[in-house]
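Working notes, structure below.
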Amino acid sequence: MTHDLSLIRNFAIIAHIDHGKSTLADRLIEYCGGLSAREMQEQVLDSMDIERERGITIKAQTVRLNYHAKDGKDYQLNLMDTPGHVDFSYEVSRSLASCEGSVLVVDATQGVEAQTLANVYLAINNNHEIVPVLNKIDLPSAEPDKVRQQIEDVIGLDASDAIETSGKTGLGVQDLLEAIVRRLPAPKGNEDQPLKALLIDSWYDSYLGVIILVRIHDGVIRKKQQIRMMSNGATYQIDKVGVFTPKMQDVDALYPGEIGFITASIKSVSDCHIGDTITDNKAPCAEPLQGFKPSVPVVFCSIFPVDSSQYDNLKDALAKLKLNDASIDYQNENSAALGLGFRCGFLGLLHMEIIQERLGREFDLDLITTAPSVAYKINLTSGQQMMLHNPADMPDLTTIASIEEPVVKATILVPDEYLGAVLKLCNDRRGEQEELTYVGSRAMVVYRIPLNEIVFDFYDRLKSITSGYASFDYELVGHQVSDLVKVQILINEEPVDALAFLCHRLEAESRGRQICERLKDLIPRHLFKIPIQAAIGGRVIARETISALRKDVTAKCYGGDVTRKRKLLDKQKKGKQRMREFGKVEIPQSAFIEALRIGDQ
């Protein structure tokens with residue numbers, strides 16, 4: 001294979017969820033002979049069990065394909081299949097930063113949706129050449145002309161020469177490959193310069209250690225070469241160089257413009273930073289590459305092992321997952337109720353759910369997770385500012401001047417018959433309408449909504465009121481001052497930190513009552529009365545009482561004067577009062593797990 005840069009094309013496939021990216025990638029692999037018909041399976045690039053079960057792409061995957069074009073030349077195509085969900089946009093941005101062009105897949109039956117827009121703008125910001133593709137053209141409900149017009153009206157891309165394909169039947173795949181070769185630019189690079197390679201991704205393999213995915217910008221990377229990580233100066237000798245076809249295939253070297261993997265017996269997970277520059281140890285490059293913009297966690301929750309002896313296992317598991325998913329952020333936390341654990345930051349609720357599931361499956365851990373919350377900015381009376389990730393750490397109210405909550409700009413695309421219900425939902429969630437435009441029979445609404453209102457069940461509610469037709473995307477736009485209060489849950493007049501939460505004053509009472517009612521059913525009865533209260537500062541806003549278990553102390557009295565019974569009952573009453581003062585309420589961990597799921601209701 002020649003190392004002529006003009007014969008290489010690096011591109012990412014971008015689209016909204018379920019528009020057929022992974023299926024179209026299957027057809028490209030099949031057409032170029034990456035896998036034989038016997039080895040093929042549906043969505044071959046979705047390698048994780050969770051991806052297959054849920055039918056979504058979570059990790060961006062890379063494949064090298066060799067294509068013999070109509071001009072008689074053999075081209076090397078490096079394809080990156082990216083996720084479509086808003087929570088995994090960091091994966092998409094990393095993939096786009098490693099390529100020169102994008103293939104924009106739009107479902108010919110659904111048209112342009114919220115995530116289509118978000119991903120296109122990411123590609124445009126990376127100065128990508130974009131090839132629009134109308135997928136699922138074989139379906140009877142496909143409307144290619146209408147969708148072409150939509151792409152031009154909403155996105156502003158010329159879609160007159162958009163390629164019509166079907167990921168299912170393979171229709172139009174050759175036209176797409178020709179368009180990739182003809183319309184996308186070749187990468188730039190010089191193999192005589194010192195080695196300069198971008199670390200795109202990494203993951204842990206129990207046999208090979210850390211596997212690193214790299215994109216070569218200058219120089220050549222070979223086996224037995226000594227490399228250096230520019231961020232921390234760590235040096236390694238390369239054991240293995242290869243590419244994905246999509247099977248792992250060893251090669252002698254990787255040249256400029258190429259994407260492949262290397263292993264170097266890296267055992268320490270902390271030495272690999274995504275976005276780092278890899279260079280030659282003897283002849284290093286002068287300047288590191290720009291790297292990636294760090295991800296900003298949006299949703300926070302605490303994770304604790306059910307069995308406290310699994311704390312070290314959880315720590316190792318999070319370190320290995322961070323290697324594979326750089327957007328997780330975590331730090332140590334200690335809770336009086338739940339023991340040692342970690343406070344973790346995620347890019348969204350689905351991201352949080354996927355990470356919890358991966359920790360359980362891949363590392364065999366039983367976990368308790370607290371209710372998700374967001375990061376608040378607290379302005380103190382002393383003029384200082386602090387970020388509050390955990391409601392339990394909130395400073396004394398007398399020292400707080402104001403509390404600011406994060407606000408997002410939410411873009412919702414919805415068929416116009418459901419518009420009224422969507423506007424009502426956004427207004428109920430304290431949203432402010434910024435824009436309302438129509439594209440054919442679809443409305444595009446832009447709202448400013450506090451992130452706290454979206455975190456719990458906004459997406460599920462949106463899908464249910466629009467019969468699943470609405471699509472939704474959001475981005476953080478800053479903070480705004482709001483009337484927020486910390487609601488503390490007291491059990492037998494003792495505050496329980498794990499159940500504390502921050503919310504708007506108008507919703508505090510209903511949410512406090514909801515948790516109290518739930519706990520009343522979850523905490524077993526004791527020999528004394530247990531009050532469960534929700535309080536803002538010293539003011540109780542909701543209360544439920546678990547009645548005491550009664551022991552029949554008068555059972556031994558058969559007949560006789562009523563004062564004998566009265567005396568025994570009074571003695572029991574005093575004992576119960578004393579017990580209530582000194583008794584400890586045992587809250588089972590299952591009650592914590594159930595109570596913290598209250599946000600999902």
Side-chain angles (χ1 to χ4, degrees), residues 1-5 7-10 29 32-35 45 47 59-66 74-80 94-95 97-99 186-269 271-285 288-289 291 323-324:
M1 186 83 190
T2 175
H3 305 124
D4 182 357
L5 279 169
L7 298 179
I8 298 175
R9 298 288 181 273
N10 297 326
I29 292 167
C32 296
L35 289 172
L45 295 181
S47 51
K59 284 295 297 173
Q61 300 286 350
T62 310
V63 185
R64 178 191 285 197
L65 303 171
N66 296 319
D74 287 319
Y75 288 87
Q76 180 197 116
L77 309 179
N78 290 306
L79 171 157
M80 282 190 149
R94 290 211 325 260
S95 303
S98 318
C99 302
K188 296 182 175 71
N190 184 347
E191 64 180 86
D192 299 325
Q193 295 279 335
L195 172 65
K196 192 187 276 186
L198 182 68
L199 198 159
I200 307 170
D201 202 355
S202 56
W203 56 97
Y204 193 82
D205 183 281
S206 47
Y207 298 106
L208 299 169
V210 177
I211 300 175
I212 297 174
L213 189 68
V214 291
R215 154 76 203 267
I216 313 295
H217 283 262
D218 291 320
V220 183
I221 203 162
R222 292 188 168 86
K223 280 184 198 172
K224 305 296 179 205
Q225 186 176 348
Q226 283 279 339
I227 55 162
R228 183 195 302 174
M229 307 284 185
M230 288 193 80
S231 68
N232 55 15
T235 59
Y236 297 99
Q237 184 174 346
I238 294 178
D239 299 332
K240 195 172 183 170
V241 177
V243 294
F244 292 100
T245 67
K247 293 178 291 189
M248 281 175 122
Q249 186 177 317
D250 288 9
V251 294
D252 292 329
L254 290 172
Y255 294 88
E258 296 187 341
I259 297 174
F261 71 86
I262 58 168
T263 66
S265 302
I266 303 171
K267 293 288 179 279
S268 170
V269 166
D271 284 351
C272 288
H273 300 288
I274 285 173
D276 197 356
T277 303
I278 296 173
T279 188
D280 190 83
N281 190 33
K282 290 175 187 160
C285 59
L289 292 160
L323 180 73
N324 187 228

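Any value given below was found using the heavy atoms of this structure, including those in side chains, with hydrogens, waters and symmetry copies removed. Quick note: residue numbers are just sequence positions, from 1.
Nearest heavy-atom pair across Gly260 and Val243 is CA-CG1, 4.2 Å. Minimum heavy-atom separation, Gly219 to Pro256: O-CD, 3.3 Å. Here the shortest heavy-atom pairing between Ser202 and Val210 reads CB-CG1, 4.2 Å. Taking all atoms of both residues into account, the shortest heavy-atom contact from Asp276 to Met230 is OD1-N, 3.6 Å. Taking all atoms of both residues into account, the shortest heavy-atom contact from Arg222 to Tyr255 is NH2-OH, 3.9 Å. Pairing each heavy atom of Leu195 with each of Thr279, the nearest pair is O-OG1, 2.7 Å.
Counting only residues at least two apart or on different chains, no salt bridge (charged side-chain N to carboxylate O under 4.0 Å, His left out) pair has a member in residues 224-235.
Residues passing the side-chain hydrogen bond (donor to acceptor under 3.5 Å, both in side chains) test with Asp250: none are found, sequence neighbours excluded. Applying the salt bridge (charged side-chain N to carboxylate O under 4.0 Å, His left out) criterion to Arg215, with sequence neighbours excluded, gives Glu100. Take Ala234 and apply the side-chain contact (heavy atoms from CB on, under 4.5 Å) test, not counting sequence neighbours, and it matches Met229, Asn232, Tyr236, Asp271. Looking at residues two or more places apart in sequence or on another chain, you find no side-chain hydrogen bond (donor to acceptor under 3.5 Å, both in side chains) involving Asn190. By the side-chain hydrogen bond (donor to acceptor under 3.5 Å, both in side chains) test, Asp218 is found to be paired with no residue, residues two or more places apart in sequence or in another chain being considered.
Taken from CD1 in Ile216 to CG in Leu254, the straight-line distance is 5.0 Å, to the nearest 0.5 Å. Atom CG of Asn281 is separated from atom CD of Gln225 by 9.5 Å, given to the nearest 0.5 angstrom. Atom CD1 of Ile238 sits about 4.5 Å away from atom CD1 of Ile227, to the nearest 0.5 Å. Distance check, rounded to the nearest 0.5 Å: CG of Asn10 to CG of Asn78 gives 4.5 Å. The distance from atom CE of Met80 to atom OG of Ser98, rounded to the nearest 0.5 Å, is 4.5 Å. In this structure, Leu199 CG and Asp201 CG are separated by 8.0 Å, a value rounded to the nearest 0.5 Å.
Inter-residue side-chain proximity for Leu7 and Gln76 is flagged as unmet; no heavy-atom pair is nearer than 4.5 Å. Contact annotation: the side chain of Phe261 never approaches that of Thr62 to less than 4.5 Å [non-hydrogen atoms, C-beta and beyond].
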Any chance you could lay out the side chain to side chain contact (heavy atoms under 4.5 Å, CB included) test for Gln193 and His217, step after step, and finish with the verdict?
-> CA-CA 10 Å; Gln193 295 279 335; His217 283 262; over 6 Å; no

